[in-house]
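Notes follow the structure.
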Amino acid sequence: MIFHVLTIFPEFFQGPFEHGIVRRARESGALEIRIHNLRDWTADRHKTVDDRPFGGGEGMLLKPEPIFQAVEAVFPERLPGRKVVLLSAQGRLFDQEMANAFRSAEELLLICGRYEGVDERVAEHLADEEISIGNYVLSGGELAAAVVIDTVARLLPGVLGNESSAVFESFQKTGHGGGLLDCPQYTRPADFRGWKVPEVLLSGNHAEIRRWRESAAREKTARLRPDLLGPGPR
Ligand code: SAM
């Protein structure tokens with residue numbers, strides 16, 4: 001899978017993809033990340049990417065022309081496997097289900113906004129999706145793009161050492177909690193400062209362990225994320 005990132009800060013991405021799973025995914029060829037500098041698609045000598053908002057107001061907006069030109073250069077044809085995604089605080093909330101869906105794209109182009117945001121015509125006429133990584137405002141889309149790439153990369157076939165890792169995780173319908181939080185996990189020592197690992201996990205009884213994990217996942221979800229349980233009794 002290829003990720004394209006359109007940004008005015010290409011140097012931002014020198015660190016985030018150099019570690020762990022994402023690095024391994026790149027080295028194995030399962031994942032390619034191409035960073036594009038938005039200023040390469042400007043026509044003036046100052047490489048201007050922003051302008052004042054019509055109607056007045058604070059700050060500057062990213063102009064539409066360089067963004068449209070960049071996307072049209074990277075994707076000369078809008079094939080079904082190519083998706084254009086605008087990172088925006090106003091977008092649909094990014095979640096595990098969306099990450100699972102993105103995995104089937106061949107190429108995903110992420111547009112990073114800056115300043116007060118991006119001319120709305122990008123959302124209206126260029127992007128396939130406008131997405132937010134949470135109900136808060138970042139100063140730019142670069143961190144959000146890194147979050148999306150990391151989340152999708154670990155779902156790509158062959159990227160995780162153990163294929164079941166991504167299946168038994170929080171928010172995955174296939175997980176211990178069936179779309180809820182993952183269950184609590186423990187490692188050695190079995191007794192740490194008097195805090196003991198639940199006995200059942202040491203029992204070797206796999207059926208019992210599975211039942212405990214399901215119920216512990218439910219209990220933790222009810223305590224920390226009751227919204228995931230939905231409105232009615234489950
Ligand atoms: N004026 C905008 C608003 O109130 O919705 C906020 C603009 S923000 C300062 C600048 C850029 O950061 C946005 O264009 C977007 O690309 C990115 N950004 C900010 N918050 C984000 C979020 N929660 N998810 C994804 N991108 C975000």
Side-chain angles (χ1 to χ4, degrees), residues 1-17 22 31 33-42 46-75 78 82-105 107-155 169-171 224-225 227-228:
M1 177 169 187
I2 302 175
F3 276 99
H4 300 270
V5 182
L6 188 60
T7 172
I8 60 167
F9 293 125
E11 8 14 286
F12 180 95
F13 294 97
Q14 273 163 12
F17 306 132
V22 176
L31 174 70
I33 301 169
R34 300 186 192 163
I35 309 296
H36 305 275
N37 188 343
L38 181 63
R39 292 191 197 277
D40 291 345
W41 282 276
T42 52
H46 298 294
K47 298 188 178 298
T48 309
V49 290
D50 58 330
D51 209 336
R52 289 190 302 276
F54 280 120
E58 291 304 308
M60 304 291 271
L61 294 175
L62 287 183
K63 292 156 63 64
E65 305 97 309
I67 299 181
F68 272 76
Q69 278 176 27
V71 171
E72 286 159 5
V74 175
F75 286 169
R78 295 291 287 270
R82 291 176 166 171
K83 295 271 173 267
V84 177
V85 174
L86 173 66
L87 280 326
S88 155
Q90 299 151 30
R92 206 152 64 84
L93 219 48
F94 179 65
D95 61 7
Q96 194 65 46
E97 212 175 321
M98 206 188 279
N100 290 340
F102 281 169
R103 185 175 43 167
S104 60
E107 294 185 66
L108 215 66
L109 192 161
L110 303 173
I111 302 171
C112 304
R114 275 277 157 180
Y115 312 124
E116 281 308 309
V118 178
D119 184 290
E120 189 66 17
R121 286 165 288 193
V122 171
E124 287 171 347
H125 304 294
L126 187 64
D128 298 300
E129 294 267 5
E130 180 176 4
I131 68 166
S132 161
I133 63 159
N135 294 334
Y136 39 76
V137 178
L138 300 163
S139 46
E142 287 76 10
L143 271 174
V147 166
V148 171
I149 292 173
D150 188 292
T151 310
V152 177
R154 61 203 310 287
L155 300 174
E169 281 189 322
S170 297
F171 314 114
L224 298 181
R225 291 293 306 275
D227 55 301
L228 294 175

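Just so you know, ligand 1 is whichever comes first in the structure, and atom 1 is the first atom listed for that ligand.
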In residues 148-155, what donor-acceptor pairs under 3.5 Å come from side-chain atoms, sequence neighbours left out?
from, atom 1, to, atom 2, distance (Å)
T151, OG1, V147, O, 2.6
R154, NH1, E169, OE1, 2.7
R154, NH1, E169, OE2, 3.0
R154, NH2, E169, OE2, 3.1

Contacts table for residues 82-89: side-chain donor-acceptor under 3.5 angstrom, sequence neighbours left out:
from, atom 1, to, atom 2, distance (Å)
R82, NE, E107, OE2, 3.2
R82, NH1, E77, O, 2.8
K83, NZ, P80, O, 3.1
S88, OG, Q90, N, 2.9
S88, OG, E130, OE2, 2.8

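When the salt bridge (Lys or Arg N to Asp or Glu O under 4.0 Å) test is applied to K63, the partners found at least two apart in sequence or on another chain are E65.
Contact of the F17 side chain with the F3 side chain is not registered, since no non-hydrogen atoms from C-beta on lie closer than 4.5 Å. Between L61 and Y115 there is no side-chain heavy-atom pair separated by less than 4.5 Å.
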Tabulating one pair per line, provide the atom names and distances (0.1 Å) for every N/O atom of ligand 1 that is less than 3.5 Å from a protein N/O atom.
from, atom 1, to, atom 2, distance (Å)
ligand 1, 1 (N), E116, O, 2.9
ligand 1, 5 (O), Q90, NE2, 2.8
ligand 1, 12 (O), G140, N, 3.4
ligand 1, 16 (O), L87, O, 2.6
ligand 1, 16 (O), G113, N, 2.9
ligand 1, 20 (N), L138, N, 2.9
ligand 1, 23 (N), S132, OG, 3.4
ligand 1, 23 (N), G134, O, 3.0
ligand 1, 23 (N), Y136, O, 2.8
ligand 1, 24 (N), I133, N, 3.0
ligand 1, 26 (N), S88, N, 3.4

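Using a 4.0 Å cut-off between a side-chain N of Lys or Arg and a carboxylate O of Asp or Glu, D128 and R78 qualify as a salt bridge.
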